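Remember, predicted model here, so these are calculated numbers, not experimental data.
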Amino acid sequence: SQWGEENLQALSIQEGEDVTMNCSYKTYTTVVQWYRQKSGKGPALIILIRSNEREKRSGRLRATLDTSSQSSSLSITGTLATDTAVYFCATDVQGGRALIFGTGTTVSVSP
Amino acid sequence: EAGVTQSPRYAVLQEGQAVSFWCDPISGHDTLYWYQQPRDQGPQLLVYFRDEAVIDNSQLPSDRFSAVRPKGTNSTLKIQSAKQGDTATYLCASSFWGNSDYTFGSGTRLLVI
């Protein structure tokens, strides 16, 4: 597998709290993407970070990438109940054209 | 802009039966992907196309699975003689070649009993 085991998590939090999830990858990649999948829907891209970026922000989302440790994190600040979803990191292995997904982190946000 | 459309939304089969899944990608997207997502797991690539050509089908399980995209637009994924282990959601995604921004459909949820 391309992904390490930290990807497998389930987190339950209250609205307004911040949450951070992590993933690690085993081989070199030029980009890490984070997808959100809500129940009954397909995954949707929420943020993409390239190997020449250490941090990327988009609204309440913040992604980091550490190429030396081959790890990435996604933080959501001020969570809402609508942030309840499974979050996946994904990357194109060895510059290939197809994304490889991690196992995902389940985030449940209570109102 | 219409998204990626998949049908049917659900399918229930007995072992040994056949089923086909259909995908209509975003207009203009030349690359189409099929993923299998078992319950509580991440999507796992099965096959992908650029136009009508198969780029990689190495993860397509043996001879029971097949996929085609004859005109480089819509695609069909078929399972012959389904097994209980095929129970999963089958996701279709599309993109422009070389672009990592995929658009996924809502998937077809398959239950094999």
same_hphob_cluster([X], [Y]) at 4.5 Å side-chain heavy-atom cutoff:
X         : Y        : answer
Leu111(B) : Tyr90(B) : no
Ile100(A) : Leu32(B) : no
Leu60(B)  : Tyr35(B) : no
Trp22(B)  : Val68(B) : no
Leu46(B)  : Val4(B)  : no

Quiz item: Between Leu45(B), Asp101(B), Asp56(B), which shows the greatest number of heavy-atom pairs under 4.5 Å with chain A?
Solution: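 The residue among Leu45(B), Asp101(B), Asp56(B) with the greatest pair count is Asp101(B).
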
Heavy-atom pair with the smallest gap, counting every atom of [X] and [Y]:
X        : Y        : answer
Phe88(A) : Gln37(B) : CZ-NE2, 3.4 Å
Arg9(B)  : Gly40(A) : NH2-O, 3.3 Å
Leu91(B) : Gly42(A) : CD2-CA, 4.0 Å

Exercise. Any chance you could measure Phe104(B), atom CZ, to Gln37(A), atom CD, to the nearest 0.5 Å?
Key: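 Separation between the atoms: 8.5 Å.
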
Quiz item: What option among Thr106(A), Val31(A), Leu45(A) has the most heavy-atom pairs under 4.5 Å with chain B?
Solution: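 Top option by heavy-atom pairs under 4.5 Å: Leu45(A).
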
Practice problem: Measure distances from Arg50(B) to the heavy atoms of chain A and classify the residue's part below 4.5 Å as side chain, backbone, both or neither. | Solution: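 Answer is neither: Arg50(B) stays 4.5 Å or more from chain A.
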
Quiz item: Counting heavy atoms not belonging to Arg109(B), are there more than 12 under 6.0 Å from its CZ?
Solution: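 Open: at most 12 neighbouring heavy atoms sit under 6.0 Å from CZ of Arg109(B).
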
Quiz item: Any donor-acceptor pair under 3.5 Å linking the side chain of Tyr102(B) with the backbone of Leu99(A)?
Solution: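 Yes, the answer is positive, given that a donor and an acceptor are paired below the 3.5 Å cut-off.
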
